[in-house]
Amino acid sequence: VQLQASGGGLVQAGGSLRLSCAASGSIVSIGVMGWYRQAPGKQRELVAFITSGGRTNYHDSVKGRFTISRDNAKTVTLQMNSLKPEDTAVYYCYAQLEYVYWGQGTLVTVSS
């Protein structure tokens with residue numbers, strides 16, 4: 001199973017970015033998909049996740065600004081609006097099957 005993340009980049013504060021993550025390989029079903037992030041010098045934190053049934057959960061700092069969705073059973077998208085400099089981090093997607101699989105990370109940089 002492989003996860004391919006895309007969509008990071010540089011944006012000014014107040015701007016938007018859209019991250020996508022696609023799973024491939026021998027997959028029967030995926031339970032939870034989501035995103036973590038890790039800023040320089042900080043611990044990795046859970047940004048958002050979505051279950052196969054569509055239930056979502058967000059870190060308090062991104063509620064109302066980020067939206068997570070499942071485009072299909074194997075793809076998860078994170079729409080990030082009203083970005084702030086403190087959102088700057090490497091974002092990692094994950095998928096929970098029999099194990100937890102991770103994407104390679106994509107850098108999001110928000111300039112002030």
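The residues of the chain are indexed from 1 along the displayed sequence.
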Legend entry - Between OG on residue Ser26 and CD on residue Gln2, distance to nearest 0.5 Å: 12.5 Å
Legend entry - Between CD1 on residue Ile27 and CD on residue Glu98, distance to nearest 0.5 Å: 9.5 Å
Flag yes if [X] and [Y] sit in one hydrophobic cluster, no otherwise; membership is Ile, Leu, Val, Met, Phe, Trp, Tyr, and two members link when side-chain heavy atoms are under 4.5 Å apart.
X      : Y      : result
Tyr101 : Tyr92  : no
Leu10  : Val110 : no
Val11  : Leu107 : no
Val28  : Leu97  : no

Legend entry - Residues in side chain to side chain donor-acceptor pair (under 3.5 Å) contact with Lys42, at least two apart in sequence or another chain: none
Going by heavy atoms in the side chains, are [X] and [Y] under 4.5 Å from each other?
X     : Y     : value
Thr77 : Leu19 : no
Val76 : Trp35 : yes
Thr67 : Leu78 : no
Thr56 : Phe66 : no

Legend entry - Counterpart residues, ring-ring contact (aromatic ring centres under 6.0 Å, His included), relative to Tyr94 (two or more places apart): Tyr36, Trp102
Contacts table for residues 43-54: side-chain donor-acceptor under 3.5 angstrom, sequence neighbours left out:
residue, atom, partner, partner atom, Å
Glu45, OE2, Arg37, NE, 2.7
Glu45, OE2, Arg37, NH2, 3.0
Thr51, OG1, Gly53, N, 3.3
Thr51, OG1, Gly54, N, 3.3
Thr51, OG1, Arg55, N, 3.0

Inset, instruction - Please check if the side chain of Thr88 supplies one atom and the backbone of Pro85 the other of a donor-acceptor pair under 3.5 Å. - result: yes
Legend entry - Main-chain N/O of Gly8 paired to Thr106 side chain as donor or acceptor, under 3.5 Å: yes
Legend entry - salt bridge (Lys or Arg N to Asp or Glu O under 4.0 Å) partners of residues 68-81, not counting sequence neighbours, each pair once: none
Inset, instruction - Identify the heavy atoms of Leu3 and Cys21 that sit nearest to each other, and give their distance. - result: CB-SG, 3.9 Å
Inset, instruction - Give the minimum heavy-atom separation between Ile30 and Ala73, together with the two atoms involved. - result: CD1-O, 3.7 Å
Inset, instruction - With sequence neighbours excluded, tell me which residues meet side chain to side chain contact (heavy atoms under 4.5 Å, CB included) with Gln96. - result: Val32, Val100
Legend entry - Flag if over 12 foreign heavy atoms under 6.0 Å of CD, Gln38: yes
Legend entry - Carboxylate-amine/guanidinium contact Asp87 Lys84, below 4.0 Å: no
Inset, instruction - Name all pairs fulfilling the side-chain hydrogen bond (donor to acceptor under 3.5 Å, both in side chains) condition that reach into residues 8-24, sequence neighbours left out, sorted by first residue then second. - result: Ser16-Asn81, Arg18-Gln79
